[in-house]
Amino acid sequence: MSIYDTLNAKQRQAVEQTEGPVLILAGAGSGKTRALTHRVAFLIDECGVNPWNILALTFTNKAAGEMRERVDQIVGFGAESIWVSTFHSMCVRILRRHAELLGYADHFVIYDSDDSKNLLKSICKAHNLEREHLKVRQIASRISRAKDSLVRASEFLTGGVADQDDVLVAKAYEEYEKALKENNAMDFDDLIFNTVELFRREPEVLKSYQERFRYIHVDEYQDTNTAQFELIRMLADRYRNLCVVGDDDQSIYRFRGANIRNILDFEKVYPDAAVIYLEQNYRSTEMILHAANAVISNNRSRKEKELWTEEGEGQRVRFHQFATAYEEGQFVAREVASSKRLKNENYCDMAVLYRTNAQSRIIEEQFVREGIPYTLVGGVNFYARKEIKDMIAYLRVVDNGDDDLSVRRILNVPGRGIGTTTVANVDRYAGDHGLRFFAALKEADQIPGCERSAQKLLSFVEMIRTFRTLAHELPLAELLRQIISTINYRDYLKKEGEKDESGDNDRERNVDELISKLVDYEERNEEPTLAGFLEEVALIADIDSVDENEDRVLLMTLHSAKGLEFHRVYITGMEEELFPSYMTLEAEASDPAAMEEERRLAYVGITRAKRILTLTAARERMINGNRRYNEVSRFVREIPRDCLEDIRGDSLGDGDGASYRSSSPDPFSNRSGNGRTIAEWKQSSYEEVPESRVSDVEPALTQELYRAISGTGRAREEIEHEPGSSIYGMKKRPRAEMGKPRNRAVPDKRPYARSKSKGLDGLTKGVPGTVPIDYTEGDRVRHVKYGDGTVTSMEPGPRDTKVTVLFDECGQKILYAQFAKLKKL
DNA sequence: AAAGCAAGCTTTTTT
DNA sequence: AGCTTGCTTT
């Protein structure tokens with residue numbers, strides 16, 4: 001009896017096929033991690049492979065951690081010397097060692113998507129590259145796709161016809177690449193790109209890693225992009241022991257460069273590859289698998305396969321359509337609560353999934369009402385929060401003075417009276433003298449135009465210097481505490497909080513949380529360094545910190561749910577335009593592959609469920625502040641009737657012609673009686689439906705439309721008066737403080753409630769000097785911006801004199817004499 | 001000159 | 001519904 005006896009025949013084959021290229025097509029829940037970990041054990045125990053020579057790559061830290069744990073359990077000896085790592089952390093490790101070969105210092109910083117977007121934005125602004133139709137976001141995405149495909153800035157325009165936009169992107173890409181290097185920074189894409197670059201340029205370095213990684217494993221292979229594929233290919237080129245595991249049906253990251261061809265064409269690249277199909281599912285019931293198989297069979301670009309199970313028939317997939325998203329959330333929350341109370345199910349065995357993060361809030365509200373503990377995965381990443389980014393920026397500047405982006409971020413946070421004009425002056429000076437931004441700050445007293453702000457800038461530089469000294473003397477957590485107290489950051493947050501009218505101290509708690517993360521980091525590492533911590537922080541993903549042992553319901557996007565499984569799963573928002581998304585529908589004609597990706601996402605969602613799967617939809621929903629009426633998702637309609645059960649939600653199921661069980665003989669046509677389809681109606685927003693035509697629409701929809709149009713109907717009232725309803729909208733991501741509705745209609749009437757504390761950072765503040773006033777009422781004056789005008793009145797105030805001027809061009813303005821600097825004519 | 005505030009603008013998914 | 005931009009206030 002060995003550990004391999006518990007594997008099925010296919011899994012065993014995957015384990016024992018140790019030599020040469022291997023493609024394991026592992027359907028959802030088919031025990032691929034099991035196969036992979038046993039394969040690693042087999043290599044060590046049965047084939048005598050040195051653990052040191054084994055590499056296993058995953059996409060998330062969580063997956064890497066899990067694999068490491070499981071390998072540790074079954075491998076008796078030497079498990080710790082196996083490299084189990086994410087693509088990105090492996091690349092960082094390699095790059096740190098050889099950065100100088102690429103012209104980087106070894107303490108390069110890693111920019112997250114937020115940082116790189118900011119950097120690109122400033123570049124586009126400086127070079128005037130923004131266009132109406134080509135936003136920074138799109139430029140960023142095109143640069144990122146280029147890097148994913150190993151296309152350099154200099155190569156961007158080669159091969160193929162280039163239009164105006166391409167030229168623009170190429171220019172932005174070029175400048176962006178340059179700026180990153182100057183800042184001694186790499187973005188996520190660079191980590192992979194530069195590692196490939198390193199291997200191409202330095203055959204000896206590549207060879208050393210090829211020798212080390214003789215047996216390579218790649219999990220979630222369908223999510224690899226071209227650059228990642230090339231990286232693996234190069235590493236495996238010497239020994240050709242490459243085992244990739246994936247499922248083309250679960251490829252859902254095309255939008256960020258994943259190349260499904262990597263898995264579909266694996267056999268073309270490696271004609272001698274052994275291909276193993278794992279189709280037995282150990283997770284779900286027949287009903288759920290049948291539904292999943294039916295949905296995914298509508299895709300054309302895929303490897304034909306069908307999951308099967310011995311887990312029994314199970315109950316049908318349930319479907320509910322509700323009148324509103326609010327009712328949908330309420331239903332889910334109530335059912336979750338009663339499953340816990342009456343059926344003794346655990347919260348941690350349940351999950352609520354949705355297409356977009358924006359949908360989480362309305363569910364959260366209902367969970368809070370029901371008192372259900374939940375964990376929200378994703379949304380605003382902890383490390384993406386303003387207060388955390390501020391603190392990280394301070395730490396980064398202490399670590400790397402070349403990181404201009406971070407210097408700029410913190411220069412006036414908390415406020416030190418350093419504004420845009422001053423920054424522009426420093427920029428010009430830095431450019432003229434070939435200095436980095438921070439280096440230019442050191443010479444502030446010589447910068448033209450900065451005479452008055454020079455002292456502030458020099459104090460800032462001095463402060464950073466002090467922090468750098470402290471960094472050598474203090475533990476990291478202590479350094480951060482010092483920074484926080486020196487800049488009075490907590491007071492700053494309190495002040496910010498007050499004007500945000502929320503009054504909670506989420507932000508301060510987040511800062512405390514960051515300190516504990518630093519403490520934790522220092523305890524875990526033998527040689528903790530600031531750079532090490534910053535690196536760890538940069539590569540963290542939301543899903544990484546989910547603790548499955550806590551008895552809480554998980555709320556997350558379908559994307560985040562990949563790789564997880566739950567006894568009970570709710571997929572909410574099963575509506576056209578939401579899922580599949582509006583974007584996908586728009587692009588359907590030009591990009592049919594996009595719809596296939598949405599369908600794969602549906603497949604991923606369905607196959608997360610072990611026993612009970614519930615799909616829900618709402619007839620009415622607020623999307624981006626607009627009330628929308630969407631049909632039931634095509635993915636619901638693709639599930640065969642014999643494994644789908646309509647549950648009485650609102651008015652569905654009693655044959656009143658609502659929703660997809662329409663009165664039309666063809667349930668998919670959705671044609672109303674008046675020549676115009678529901679789809680056409682719903683395309684226009686409800687305001688555009690003429691009231692006289694309202695009764696023309698399908699009856700079930702009529703009521704909804706009428707209520708919405710009249711604004712007096714029951715539906716609207718119900719929603720608005722319900723506490724925690726979406727109409728009020730909540731600030732930020734609530735977490736603990738949910739439930740209390742915040743009525744934005746009644747602003748806080750305390751105009752001077754803001755604290756007046758001065759000298760937040762202990763730095764000297766420049767006070768504008770007094771200006772002699774040589775004009776009076778009736779005089780003609782000139783203003784730098786507004787031009788010439790006549791002074792109509794002057795009113796002395798406690799601090800300054802208010803001057804009212806009637807400008808010839810710009811009309812009447814009320815100005816303060818001190819700042820207006822009016823010149824008498 | 002910089003901070004505060006109101007009005008526009010855009011919307012997927014994220015290592 | 002939240003963020004950026006432009007205008008007003010100090």
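Each chain gets a letter, A, B and so on, in the order its sequence line appears, and its residues count up from 1. For clarity, every value in this text was computed on a predicted model and none was experimentally measured.
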What does [X] touch in the nucleic acid at a heavy-atom separation under 4.0 angstrom: a base, only the sugar-phosphate, or nothing?
{"X": "A/K121", "answer": "sugar-phosphate"}
{"X": "A/S560", "answer": "sugar-phosphate"}
{"X": "A/T584", "answer": "nothing"}

* How would you list, by chain and number, every residue that makes a side chain to side chain donor-acceptor pair (under 3.5 Å) with A/E387, sequence neighbours excluded? ->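 In terms of side chain to side chain donor-acceptor pair (under 3.5 Å), with neighbours along the sequence ignored, A/E387 is linked to A/R507, A/N510.
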* Considering residues at least two apart in sequence or located in another chain, which fulfil the side chain to side chain donor-acceptor pair (under 3.5 Å) criterion with A/Y176? ->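 Once residues adjacent in sequence are excluded, the partners of A/Y176 under the side chain to side chain donor-acceptor pair (under 3.5 Å) criterion are A/D187.
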* Asked: Under 4.0 Å between a side-chain N/O of A/T421 and OP1 or OP2 of B/dA2, yes or no?
  ->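 Checking A/T421 against B/dA2: at least one side-chain N or O falls below 4.0 Å of OP1 or OP2.
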* To do: Return no unless some side-chain N or O of A/N357 is found under 4.0 Å from OP1 or OP2 of B/dT13.
  =>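 So the side-chain polar atoms of A/N357 do come within 4.0 Å of the phosphate oxygens OP1 or OP2 of B/dT13, strictly under.
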Could you list the residues that satisfy salt bridge (charged side-chain N to carboxylate O under 4.0 Å, His left out) with [X], not counting sequence neighbours?
{"X": "A/D114", "answer": "A/K389"}
{"X": "A/D247", "answer": "A/K305"}
{"X": "A/R608", "answer": "none"}

* Structure fact -> Separation of B/dT14 atom P from A/I143 atom CD1, nearest Å, is 22 Å
* Asked: Using Watson-Crick and G-U wobble pairs whose two distances are both under 3.5 Å, how do you write the pairing of DNA chain B as dot-bracket, with | for links to another strand?
  -> ||||||||||.....
